[in-house]
Amino acid sequence: MARAVKPTRGAIARAAKALIRGRLIGLPTETVYGLAGDATNAAAISRIYAAKGRPRFNPLIVHVCDLAAARRLARFNPQALMLARAFWPGPLTLVLPRRVQAVARRVAAGRDTLAIRLPGHPVARAILRAAARPIAAPSANPSGRISATRARDVSAALRKYVAMVVDAGAAPVGLESTVVDLSRKPARLLRAGAITRAAIEALLGPIETAGDEGKARLAPGRMESHYAPARPVRLDAREASADEAYLGFGGTRGATLDLSPAGDLAEAGRNLFAALRSLDRPPFSAIAVAPIPRDGLGEAINDRLRRAAAPRAPRTR
Ligand code: TXA
Ligand code: MG
């Protein structure tokens with residue numbers, strides 16, 4: 001069974017060694033924990049898909065330790081360089097035309113683009129530097145389920161599959177990276193995150209948003225049901241019934257749990273996934289969620305909640 005270990009220098013070296021040997025690890029990042037494997041190792045990539053029960057057509061994000069490494073994997077246009085220089089290291093993923101054979105074929109799931117991210121978390125960066133190779137890391141949750149923001153969330157679902165989970169505490173952002181597709185014009189927001197639409201549009205001008213049609217092929221993380229607790233989720237709830245847990249925001253009266261009593265969206269983002277997990281239990285039969293503002297980080301929070309509440313896709317595991 002995989003142990004959660006504190007990110008000592010020795011643990012970071014062991015984590016890098018495990019990756020180099022083709023094993024998977026639980027990797028802390030500033031957004032969520034990743035299920036990490038060597039992106040150049042086809043067997044490691046297959047293990048990631050198997051562990052998550054991830055559909056074969058849903059490509060993985062590759063993590064790198066600097067811009068030079070990123071540029072060996074994909075072609076950066078001026079817009080991509082602008083975003084990378086402004087927001088890397090940080091919670092932003094760029095989808096770019098990929099260079100052939102830079103990573104194992106299944107990482108890109110047959111696409112001619114590659115999603116790349118340079119994380120800001122110091123432990124992630126130390127492991128990436130020590131491993132000295134591109135590292136694929138989807139969020140460390142079974143496909144379609146709630147993302148992992150703590151080491152114990154990774155262990156709970158994936159301990160059989162990882163050599164170790166590096167425990168750097170709760171993820172400081174708590175929501176997955178913003179994903180922007182720059183392989184096309186105009187650029188397109190595929191997933192809202194902590195780098196807000198406004199921050200990106202301040203540099204690029206107006207960008208498109210992935211429409212709801214044909215999404216399963218475009219970016220399966222955008223499939224309707226995702227981030228799903230076992231219990232149904234009801235949104236924009238002004239009150240909860242007796243058998244519902246009530247997830248509040250900004251001091252909601254009668255809340256079972258409040259994402260941010262002070263009404264701070266960053267705090268709410270940090271708490272969201274752990275809150276959904278903790279309310280997904282008896283005696284509650286459903287989770288009602290109070291309205292949450294849609295501006296700034298609220299776009300990402302509402303996106304995750306909408307998918308958590310969406311009609312459920314059939315489970316693969
Ligand atoms: O914050 C994050 O991005 C976390 C941490 C661990 O880095 N990772 C993460 O990975 O959220 P994952 O696999 O859960 O989400 C990746 C998303 C999926 O929606 C996937 O479909 C999309 O990125 N994606 C990956 N490659 C793509 C590509 N070439 N074109 C379009 N979308 C892509
Ligand atoms: Mg995910």
Side-chain angles (χ1 to χ4, degrees), residues 24-37 39 45 48-49 51-64 73-74 87-99 102-103 105-121 123-125 127-128 134-149 153-154 157-158 165-166 168 171-184 187-195 210 214-228 269 273 300 303-304 307-308:
L24 308 184
I25 67 161
L27 175 76
T29 85
E30 72 274 37
T31 56
V32 297
Y33 276 72
L35 176 65
I45 298 310
I48 290 178
Y49 279 90
K52 281 187 61 94
R54 188 177 181 105
R56 303 177 68 93
F57 56 81
N58 190 359
L60 306 178
I61 297 177
V62 176
H63 298 64
V64 293
L73 303 179
F87 301 118
W88 279 0
L92 174 69
T93 295
L94 302 177
V95 173
L96 297 168
R98 78 182 170 91
R99 298 189 192 282
V103 293
R105 218 164 38 84
R106 287 190 70 193
V107 172
R111 300 174 167 274
D112 50 16
T113 55
L114 196 63
I116 305 181
R117 170 159 128 74
L118 203 175
H121 197 292
V123 174
R125 299 194 70 196
I127 293 171
L128 290 168
I135 297 296
S139 52
N141 52 280
S143 186
R145 306 306 296 267
I146 303 175
S147 301
T149 52
D153 302 333
V154 184
L158 297 171
V165 179
V166 181
V173 173
L175 300 166
E176 302 84 348
S177 61
T178 305
V179 181
V180 182
D181 184 356
L182 293 169
S183 70
R184 63 193 298 287
R188 192 190 279 222
L189 182 67
L190 295 182
R191 182 172 73 187
I195 304 296
K215 217 92 62 72
R217 295 298 305 172
L218 179 75
R222 302 206 45 92
M223 284 184 299
E224 268 312 292
S225 177
H226 208 81
Y227 315 107
F273 289 133
D303 167 76
R304 304 307 188 273
R307 290 174 207 291

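Sequential numbering from 1 along the given sequence is applied to the chain's residues. This one's a predicted model, so the numbers in the text were calculated from it and none came from an experiment. Counting starts at 1 for both ligands and their atoms, in listed order.
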Interfacing atoms of ligand 1 (cut-off 4.0 Å, heavy-atom, Gly34): 6 (C)
Thr29 N/O to ligand 1 N/O under 3.5 Å: no
Residue Ser177 vicinity, atoms of ligand 1 by number, heavy atom under 4.0 Å: 1 (O), 2 (C), 3 (O)
Ser139 backbone or side-chain N/O/S under 2.8 Å from the Mg ion (ligand 2): yes
Main-chain N/O of Ala140 paired with Lys52 side-chain donor or acceptor, under 3.5 Å: no
Contact atoms of ligand 1, heavy-atom distance to Thr31 under 4.0 Å: 1 (O), 2 (C), 4 (C), 5 (C)
Option nearest atom 28 (C) of ligand 1 (shortest heavy-atom distance, choices Ala136, Gly193, Ala36, Pro59): Pro59
Options Leu114, Leu60, Leu27, Val95, ranked by nearest heavy atom to atom 30 (N) of ligand 1, top entry: Val95
Stepwise side chain to side chain contact (heavy atoms under 4.5 Å, CB included) check, Thr178 with Leu189: CA-CA 8 Å; Thr178 305; Leu189 182 67; 3.5 Å; yes
Atom CZ of Arg184: over 12 foreign heavy atoms under 6.0 Å: yes
Thr113 side-chain N/O to Val95 backbone N/O, donor-acceptor pair under 3.5 Å: no
Contact partition for His121 relative to ligand 1, non-hydrogen atoms under 4.0 Å: neither
Donor-acceptor pair, side chain of Arg106 and main chain of Arg56, under 3.5 angstrom: no
Backbone or side-chain N or O of Tyr33 under 3.5 Å from ligand 1 N or O: no
Heteroatom proximity flag, Lys52 to ligand 1, N/O under 3.5 Å: no
Donor-acceptor pair between Asn58 and Arg54 side chains, under 3.5 angstrom: yes
Side-chain donor/acceptor of Arg145 to backbone N/O of Ala228, under 3.5 Å: yes
Residue-ligand contact Arg54/ligand 1, heavy atom below 4.0 Å: yes
Identity of the nearest option to atom 14 (O) of ligand 1, non-hydrogen atoms only, from Gly26, Ser139, Ala137: Ser139
Non-neighbouring partners of Thr31 that pass side chain to side chain donor-acceptor pair (under 3.5 Å), sequence neighbours left out: Thr29, Arg117
More than 12 heavy atoms of other groups within 6.0 Å of Arg99 CZ: yes
Thr113 near ligand 1 by a heavy-atom separation under 4.0 Å: yes
Nearest-0.5 Å distance, CG of residue Leu114 to CG of residue Leu73: 6.0 Å
Sub-4.0 Å heavy-atom approach of Ala108 to ligand 1: no
Part of Leu190 within contact of ligand 1 (heavy atoms, under 4.0 Å): side chain
